[in-house]
Structure formats: structure tokens, C-alpha cells
Amino acid sequence: MIDINLVRNNPKLVKWSQKKRGEDEGIVDKVLEYDRLWRETIRKINDLRRERNKKSAEAARLKKEGRLEDLEKIKREMQELNARIKDLEAKEREYKEARDSLLRAIPNIVHESVPDGLSEEENVPIRFWGHFKVWRGHLEAFKEQLQGHAVDYEVIEWKPKSHVDVLEDLDIGDTRRAAKVAGSRFYYLKNELALLDLAIAMFALEELVKKGYTPVIPPYMLRREAMEGVTDLSAFEEMLYKIEDEDLYLIATAEHSIGAMFMNEILEEKDLPLKFVGFSPCFRKEAGAHGKDTKGIFRVHQFHKVEQFIFSHPDESWDLHEEITRNAEELLQKLGIPYRVVNICAGELGAVASKKYDIEAWMPAQGKFRELISASNCTDYQARRLGIRYKSREGEFKYVHTLNSTALATTRTAVAIIENYQREDGTVEIPKVLRKYLGGIKEIVPPKRKDLRSSFLSSER
RNA sequence: GCCGGGGUAGCCUAGCUGGCUAGGGCGCCGGCCUGCUAAGCCGGUGGGGGAAACCCCGCGCGGGUUCAAAUCCCGCCCCCGGCGCCA
């Protein structure tokens, strides 16, 4: 939620932000109108309450003095007053609710460095990294996606297999049987891929712990109150699974539970920034994604993700936004996955983010850059809804800024590895930095050649 | 899940046989005093409305009773202890 005072004092800025996002500007004037009505009403109520409080004190005095007749008179007057107050209070609630539900519908104010634009095509690639393998048939499309940036690439003559086929050929995943028991967009990961999933997570966790982030395994379910603080309302319909007959929702990312951790608390200024790296499963309905990535494990209802989350002092959140983005890039660099960083345009930002970078990995089989990582600065938007403040030196309570970024999401990273580390014979090399988490396994091979057991029994670890 | 105890301001606590300024302590901020520090003393330290004077709201959350609720009643959440169950 944005600050009502911002709407009051700087409606132009809010309208500018709405316009930039391609959202309704008129909502700002509606908020102001209900706010005016609310203030008018609360003022009247306060006047009446003052009168009531005076009479109440008088009633206490009369009772003490035993003037029962006068007391009866006061009682009648107060009953009358109460009726008037009750009427006004109903109005006051109505105006306030109208104002606040409109206010809650206003997404975060976009940062000035966010590109204009309403669709994906208007996102701005700001840097590329890595050695790109490009199948000849994708070359033209690849060059177009570079948007003028110069990169290091090689043309390959054989066409890499889609990860969907690799899952089957190398016996490392079964989505057909998962669909039988749970529905589409579920999976059984098997063999090297099951191990790889956890290896990716351990790698990301370890790298961020080295940077001083506090590792956390958070709750996988949240009560509605907490969930409302960290997401916008559309998430409840489109994204979140609810536990039947319980006030509990499955998290769609560790961002949710880590963000809610300090709900309604006051932090010490000297403790900021608080940096966490969380590991959790993520559950997502993927409603409205029909027809997209229907096969394989790229877009699924359940996956593991290592997530960076920071509670920051407002003065340093923009620096920290760059930091978490660089951290995520560093992970892909160590994994040897080529990528580009994209500054997401205003119209494509989520409601809570003021600015967002996506990191998109190059997928040689698909011939496209695909989103692996998303890094957002939510400024005080989440914090205001969650009531997370800090006490400044001057003794004032102010809202913290919250930031979140994927470190690595296991299944999508696995897809990127399968596509980028695929050899012409269809086997897949395991990136060197991950091997220590896989008992030294160096490659994913067809069923006939598999021998996971001896890898773990050998002394190579 | 059952029984008992509890939830008061940034933190700790008093008030809980309904009424009169929610009192005290700690911490923090400002001031006085002081060669400096400490101590001491004074003031401030939740949210909202108002140009201001000032006023209203706020005792875990939500209802109710009453002229009047931190206080009485009902429901819910959380914490502590005991019992039960359990990887």
C-alpha cells in the first residue's frame, strides 16, 4: 500500500506513476474525494465524542454525589448522543473503507529509472554475459534478441534437444505419471536430476551464506493476514493454493514468509539491513497460463527456490537492489549459464515492485531468453501493509524497505543447464561447481550407463 | 486436543470488585546543570483529525452488555506451564 499522505500531498506523482503503468489515473481523485468525506466525518464524530466524554465525567460525579435524578437526565442525553455518533460512525467506516480499498488498489510508485512501456517487448536489456551457443536455425532470432549488444557466441550445427525430450531419454524426469496422480505441471524428478535439484539449492545457499546472508527455512504456509501483507489481492485468485477448512495458504515463494516474519514489529535502525537467504518449496496455481510451457518442468505448480530477502533502511535500498541482482548474476556466472539482465518496463511490473530486474538465461534449444530470476525493490509498499518499521535516531517510526530476488529456482535452472550443457550425443554435463553436491557426478547419461551408486561410494568426494 | 496461567506504549510492569489524566521503571531524543563524562533535575517518546489552540482514538483481534469497559460476558489468535498424541 502506498502512503495516503503521498496521495494528499503529491497527487501528480501518483498519477504519473499510474499513467506510466498504464493504470487508471482517475482513482487518485476518487481516493482524494473519499478522503475528504472521511476527514469531514471524523471531525464531526470527534466533536460529538468530546461532548460525550464530558457528560460521562459528569455522570461519574453525579453518581458519587448521589444526585440520581440528574444522573437519569444525563443518561438520556448520552443515549441520544450515542445514537447520533453511531450513525456518523457507520458513514465514517464506509468512507474509510472506500478510500482504503481504492488506495490498496494503487500499485507501488514506479522508480524514475524504470523504462516506459506496457508490454514485454518494451523491457530493456541492460547487459549480457556469457558464451552463447546458438544453433544455426536460431541465429537470426538470436541476433534480434541482442538488441544491438555485442556478445561472445558460437554457432552450432546440431540442434539441441528440448529439455522435455531429455527428461525422457536420460530417464531423469516423468511428467506423464505425475499428471496421472496430481495433474499437469507436476513432475517426478529422478536420478541425476533429483540430486541436481538439491545441488542447485545447496550451491545457491552456500554462496549467499558466504556473503553474510542468514540462511532460513521458513513456514510453507501462512495465514491470510500475513499473506495479505506481502502480496496483492490478485495473487489469491491466480497464484495461491489454500488449505481446505483452515486459514492457511501455501506460499508461492519464500519471499512471502520471510517478508511476513517481522509483521507488526519495530526493528532497530542499527540492525539494518537484515539480509536473509531462504530455501523453500514454492506452490503456484499458474492460473491463466494455459497453453504456455505445458510440457516439461519449466512452468510448474511446485518447485524449490533459494531466495534473497532484505529489510533495508530507505536510504540504501537502491544500492541493495543492485547488490541482490549482482549476487544472482554471480551464481549464473559460476554455473556458466549465459544470460541477459532486463530492466522491466512499468506496465510489466508487479503491484508491489517499484523497480524490477529479470535475469533471463539463454536457452539454446528454445532459441530464446527465458526468465530465471527476478529481483525487486518493493520500497515501503510491503512494509506499510505488514507494519514493519524501525525507530530512527530522532525517535520517529518509519517503514523499512523490502527487497527480494531469486537466487536460484531449481527446476528452471535445471532446464537452463540441460539446454546449455547438452552435448551432441544427448548427454548433459554437470557444471563443475555443482559436482561436489552430487557425489562427484560429472554428467547425466542414458539409463544403460547410469551408476549413481558407485559415484557416491567412490572417494572422489 | 484437554486443563491452568498470561497478552497493557520501543521493552518490562501497575491497574482488572466498571467512572475521575492508563501510573511506574528501563531505553531513546531534547533541555538544564557541568572543564568533560557520570549522576541529578525538567520535558518528550503509538495512530488520526485540525492552520492552530486543541480534540479524538488506542490496553492481542472481533463482537456484546452499559449512560460509561484495560476492567464484565461471548468467540477467535498467540505465548508459557502441565497432560495426551506424535516423526
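Here is how names work: the chains are called A, B, and so on, in the same order as the sequence lines, proteins then strands, and each is numbered from 1. Only this structure's heavy atoms are used, side chains among them; waters, hydrogens and symmetry mates stay out.
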Give me the distance, rounded to whole Å, that separates B:C61 from B:G7 when you measure between the P atoms they each carry. 13 Å
Does a sphere of radius 6.0 Å around OH in A:Tyr421 hold more than 12 heavy atoms from other residues, nucleotides or ligands, not counting ones at 6.0 Å or beyond? yes
Classify the nucleic acid contact of A:Ala59 as base, sugar-phosphate or nothing, counting any heavy atom under 4.0 Å across all strands shown. base
Between B:C41 and B:G25, how far is it from one P atom to the other, in whole Å? 10 Å
Please figure out whether A:Asn82 or A:Ala57 has its closest RNA chain B nucleotide nearer the 5' end. A:Ala57
Looking at A:Phe298, is A:Arg412 sitting on its ring face, NZ or CZ under 6.0 Å from the six-membered ring centre and within 45 degrees of the normal? yes
Nearest-angstrom distance, C1' atom, B:C26 to B:A14: 15 Å
In whole angstroms, how far is the P atom of B:C28 from the CZ atom of A:Arg389? 20 Å
Does atom CZ (A:Arg8) have a neighbourhood of more than 12 heavy atoms from anything else shown, all under 6.0 Å? yes
May I ask you to say what A:Arg223 touches in the nucleic acid, namely base, sugar-phosphate or nothing, with a heavy-atom cut-off under 4.0 Å? sugar-phosphate
Counter-base of B:G75, judged by Watson-Crick or G-U geometry with both distances under 3.5 Å: B:C61
Should the ring pair A:His301 and A:Tyr241 be called parallel, tilted or perpendicular, given that the plane angle runs from 0 to 90° and is split at 30 and 60? perpendicular
What nucleic acid atoms does A:Ile266 come within less than 4.0 Å of, heavy atoms only: base, sugar-phosphate, or nothing? sugar-phosphate
What does the B/S/- profile of nucleotides 49-60 of chain B look like, 5' to 3', with a 4.0 Å heavy-atom cutoff to protein? SS----SSS---
Paired to B:A51 by Watson-Crick or G-U wobble criteria (both distances under 3.5 Å) is none
Whole angstrom is fine here: how far is it from NZ in A:Lys391 over to C1' in B:G44? 11 Å
The ring pair (Phe, Tyr, Trp, His ring centres under 6.0 Å) partner of A:His313 among A:Trp318, A:Tyr390, A:Tyr399 is A:Tyr390
Starting from P on B:G46, measure out to CD on A:Glu265 and report it in whole angstrom. 18 Å
Choosing from B:C67, B:G19, B:G46, which nucleotide comes nearest the side chain of A:Lys75? B:C67
Calculate the interatomic distance between A:Glu268 atom CD and B:G27 atom C1'; express it in whole Å. 9 Å
Spacing between A:Glu80 atom CD and B:U66 atom P, to the nearest angstrom: 18 Å
Taking atom C1' of B:G64 as reference, at what distance in whole Å does atom NZ of A:Lys86 sit? 11 Å
Rounded to whole Å, CG of A:Asp70 lies from C1' of B:C67 at a distance of 14 Å
Rounded interatomic separation in angstrom, taking NZ from A:Lys55 and P from B:C20: 18 Å
Mind checking who B:G40 pairs with, Watson-Crick or G-U wobble, both distances under 3.5 Å? B:C32
Say we look at B:G60 and B:G46: how far apart would their C1' atoms be, to the nearest angstrom? 15 Å
Return the pairing partner of B:G81 with a 3.5 Å limit on both distances, Watson-Crick or G-U wobble; otherwise return none. B:C3
Candidate list A:Arg84, A:Lys54, A:Lys55, test salt bridge (Lys or Arg N to Asp or Glu O under 4.0 Å), partner A:Glu77, passing option: A:Lys55
Among A:Lys44, A:Arg43, A:Arg50, A:Arg49, which residue satisfies the salt bridge (Lys or Arg N to Asp or Glu O under 4.0 Å) criterion with A:Asp47? A:Arg50
Mind checking the P distance from B:G43 to B:G50? Whole angstroms is fine. 30 Å
Using the P atom on both, measure B:U71 against B:G64 and round to a whole Å. 14 Å
What is the pairing partner of B:G19, taking Watson-Crick or G-U wobble pairs with both distances under 3.5 Å in any strand? B:C67
Within a radius of less than 6.0 Å around NZ of A:Lys450, do more than 12 heavy atoms belonging to other residues, nucleotides or ligands occur? yes
In whole angstrom, give me the gap between the C1' atoms of B:G18 and B:A69. 6 Å
When rounded to the nearest Å, what value does the distance between P atoms of B:C80 and B:C73 take? 25 Å
A:Arg224 charged N/C atom sitting above A:Phe236 aromatic ring, 6.0 Å / 45°: yes
